[in-house]
Amino acid sequence: MSDVLTGVWADLVGQEKAVEVLRRAAESQPGHSHAMSHAWLITGPPGSGRSNAAKAFAAALQCDDHGCGQCNSCRTTLSGAHPDVTLVRTEALSIGVDEVRELVRRAAMNPVHGRHQVVVVEDADRITERGADALLKAIEEPAPKTVWLLCAPTPDDVIVTIRSRCRRLHLATPRDEAVAELLIRRDGISPEMAAEAARAGQGHIGRARHLARDGEARARRDAIGELPTRLRSLGDCLQAAEDLVNQASEEAAAATAEVDAAERAELEKALGFGSSGARPRNAQAALRDLEKQQAARAKRLQRDALDRVLTELTAYHRDVLAIQTGAVRPDEENALRGARLVNTGWSSSLHQVAQSQSPERTISVIDAILDARNSLERGVTPLLVMETLLIAMTGVDRAPW
């Protein structure tokens, strides 16, 4: 099906079956066996391309040639500039009822230029219960030309009343070789770097691309890979935990600084701040609300950064266990398919840890990493989570608390 992956579909690597479903739906006419649904739930693991698939589908729905990738409809949809395609992405922890009501209002409008009014919600799993109630009626009684495209990791992440009214489409985890081919073709990455980044990305296309193009990102990742052999004492664990949390906070601050400043400037302008800096009456409450929203966004990005640390540590110990059990043969460690190591660049460290502890100990470390991820999701203080994890990883005496 390589001919399917052209036009707007070209970058959806490893998703030939899903692309075929979407392409046929975009080309179908009412009454056809592949007729369009007014609501879709597109799921798949992180990095599989859920939002890219939704945007490609939106472009195909607006395109006279069903996704040529060259026309104005395709280009403006993919760039987020099409007047009849609304792209919803959030850095906050949730999408509330007021935001959903505004989406419902917009979705009910007739298309200005396109064939459909399309709403793409990239984080449908973050819609609150009240927001889902507001969305439900719009999906149950859709406007004639409206299409909802909801994206989430799994169907269970979306409230049952919503997912039961959507046509479901699940994306697979892309193969390492497919990700590497994309990096070479689209981004001009060398074959060696593309292969290494594809393995390290573990099916997450965006993560693989970031690692391939950003030397600082690779350096931060290598520092994580040194932890299992570097930590020797309780003090080492506590210091490393503090460093990881601080780095995650710095990443979040760097990612949000420009957006935060723009949002504040826009709000101050809307509130009528004067050149003298005088604040209009009741401005303080609006500024506090904005600061709360920005703090929530920074908190989420910090948590995401720490979750990437946990993902790297999980992959590291997965490799250790694969070596210990003989699941990966030495001559297959660098492969891009089948049994292979994720972290071939850390081979010496992996073999060192594999020889120094038992498989049972490795499994207990993986369990501790999973516990840490669950603790972060429950809102436990990040520093406490990371301290507890690193102490468990090293096996040093626990702190007196």
Side-chain angles (χ1 to χ4, degrees), residues 46 196 199-204 207 211 216-252 299 301-328 333 339-401:
E196 181 180 347
R199 279 190 294 263
Q202 302 178 66
H204 194 303
R207 176 67 172 156
L211 289 171
E216 291 185 6
R218 294 195 297 274
R220 288 194 297 270
R221 181 174 178 274
D222 285 340
I224 297 170
E226 294 172 359
L227 287 175
T229 55
R230 181 169 64 83
L231 302 181
R232 290 285 184 269
S233 66
L234 179 61
D236 290 341
C237 295
L238 299 182
Q239 184 61 56
E242 182 178 356
D243 291 344
L244 289 171
V245 173
N246 287 341
Q247 288 168 12
S249 298
E250 290 169 4
E251 281 188 51
K299 179 180 178 181
L301 290 178
Q302 181 202 47
R303 188 182 68 184
D304 288 348
L306 290 174
D307 191 70
R308 288 193 294 272
V309 173
L310 300 181
T311 298
E312 299 292 3
L313 290 174
T314 302
Y316 182 102
H317 289 90
R318 172 266 183 199
D319 284 351
V320 169
L321 189 62
I323 292 170
Q324 290 173 325
T325 60
V328 176
E333 289 185 357
R340 75 278 195 196
L341 296 183
V342 170
N343 304 290
T344 56
W346 301 341
S347 179
S348 176
S349 173
L350 294 169
H351 282 275
Q352 178 183 338
V353 173
Q355 294 167 7
S356 67
Q357 66 186 31
S358 67
E360 291 76 15
R361 169 67 183 153
T362 303
I363 292 173
S364 72
V365 171
I366 294 174
D367 287 341
I369 298 170
L370 295 177
D371 288 342
R373 175 170 280 118
N374 291 333
S375 296
L376 281 178
E377 290 178 353
R378 294 197 308 270
V380 179
T381 304
L383 182 59
L384 178 59
V385 171
M386 300 311 293
E387 287 176 347
T388 302
L389 170 61
L390 296 187
I391 290 170
M393 279 176 50
T394 57
V396 299
D397 292 338
R398 290 184 176 273
W401 61 84

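Throughout, numbering of the chain's residues begins at 1 and tracks the sequence.
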Under 3.5 Å, which donor-acceptor pairs do the side chains of residues 369-376 form with other protein atoms, sequence neighbours left out?
unit_1 : atom_1 : unit_2 : atom_2 : d
Arg373 : NE     : Asp307 : OD1    : 2.7
Arg373 : NH2    : Asp307 : O      : 3.4
Arg373 : NH2    : Asp307 : OD1    : 3.4
Arg373 : NH2    : Thr311 : OG1    : 2.9
Asn374 : ND2    : Leu370 : O      : 3.4
Ser375 : OG     : Asp371 : O      : 3.0
Ser375 : OG     : Arg378 : NH2    : 3.4

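- Closest approach of Val320 to Ala354, counting heavy atoms only: CG1-CA, 3.8 Å.
- Side chain to side chain, Trp346 and Asp222 meet the donor-acceptor criterion of an N or O pair below 3.5 Å.
- Residues passing the side chain to side chain contact (heavy atoms under 4.5 Å, CB included) test with Ala305 are Ala248, Glu251, Arg308, sequence neighbours excluded.
- By the 4.5 Å heavy-atom criterion applied to side chains, Val309 and Gln247 are not counted as neighbours.
- Leu244 contributes atom CG, which lies 11.0 Å from atom CD of Glu387 (distance to the nearest 0.5 angstrom).
- Between the side chains of Gln239 and Asp243, at least one donor N or O lies within less than 3.5 Å of an accepting N or O.
- Between the side chain of Asp319 and the backbone N or O of Leu341 there is no donor-acceptor pair closer than 3.5 Å.
- Partners of Glu333 under the salt bridge (charged side-chain N to carboxylate O under 4.0 Å, His left out) rule, at least two apart in sequence or in another chain, do not exist in this structure.
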Using side-chain contact (heavy atoms from CB on, under 4.5 Å), reason through Leu234 and Thr394 one step at a time and then give a plain yes or no.
CA-CA 9 Å; Leu234 179 61; Thr394 57; over 6 Å; no

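- Here Ala240 pairs with Leu227, Arg230, Leu231, Leu390 under the side chain to side chain contact (heavy atoms under 4.5 Å, CB included) rule; sequence neighbours left out.
- Residue pairs meeting the salt bridge (charged side-chain N to carboxylate O under 4.0 Å, His left out) criterion with at least one partner in residues 342-358, sequence neighbours excluded, are absent.
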Side chain to side chain donor-acceptor pair (under 3.5 Å) between Glu226 and Ser349, worked out:
CA-CA 8 Å; Glu226 294 172 359; Ser349 173; over 6 Å; no

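- Under the 4.0 Å criterion applied to side-chain N and carboxylate O atoms, Arg207 and Glu312 are assigned as salt-bridge partners.
- For the atom pair CG of Leu310 and CZ of Arg303, the computed distance is 11.5 Å after rounding to the nearest 0.5 Å.
- For the atom pair CG of Leu211 and CD of Glu216, the computed distance is 12.5 Å after rounding to the nearest 0.5 Å.
- For the atom pair Gln352 CD and Ser347 OG, the distance stands at 11.5 Å (nearest 0.5 Å).
- A donor-acceptor contact shorter than 3.5 Å links the side chain of Ser358 to the backbone of Arg361.
- Side-chain contact between Gln324 and Gln355: absent, with no pair of heavy atoms (C-beta onward) separated by less than 4.5 Å.
- Neither side chain, Thr344 nor Glu196, offers a donor N or O lying under 3.5 Å from an acceptor on the other.
- The closest side-chain heavy-atom distance from Ile224 to Leu313 is below 4.5 Å.
- Interatomic distance, Tyr316 OH to Leu350 CG, rounded to the nearest 0.5 Å: 5.0 Å.
- Scored by the salt bridge (charged side-chain N to carboxylate O under 4.0 Å, His left out) test, Arg318 finds no partners at all (sequence neighbours excluded).
- Thr388 contributes atom OG1, which lies 13.0 Å from atom CE of Met393 (distance to the nearest 0.5 angstrom).
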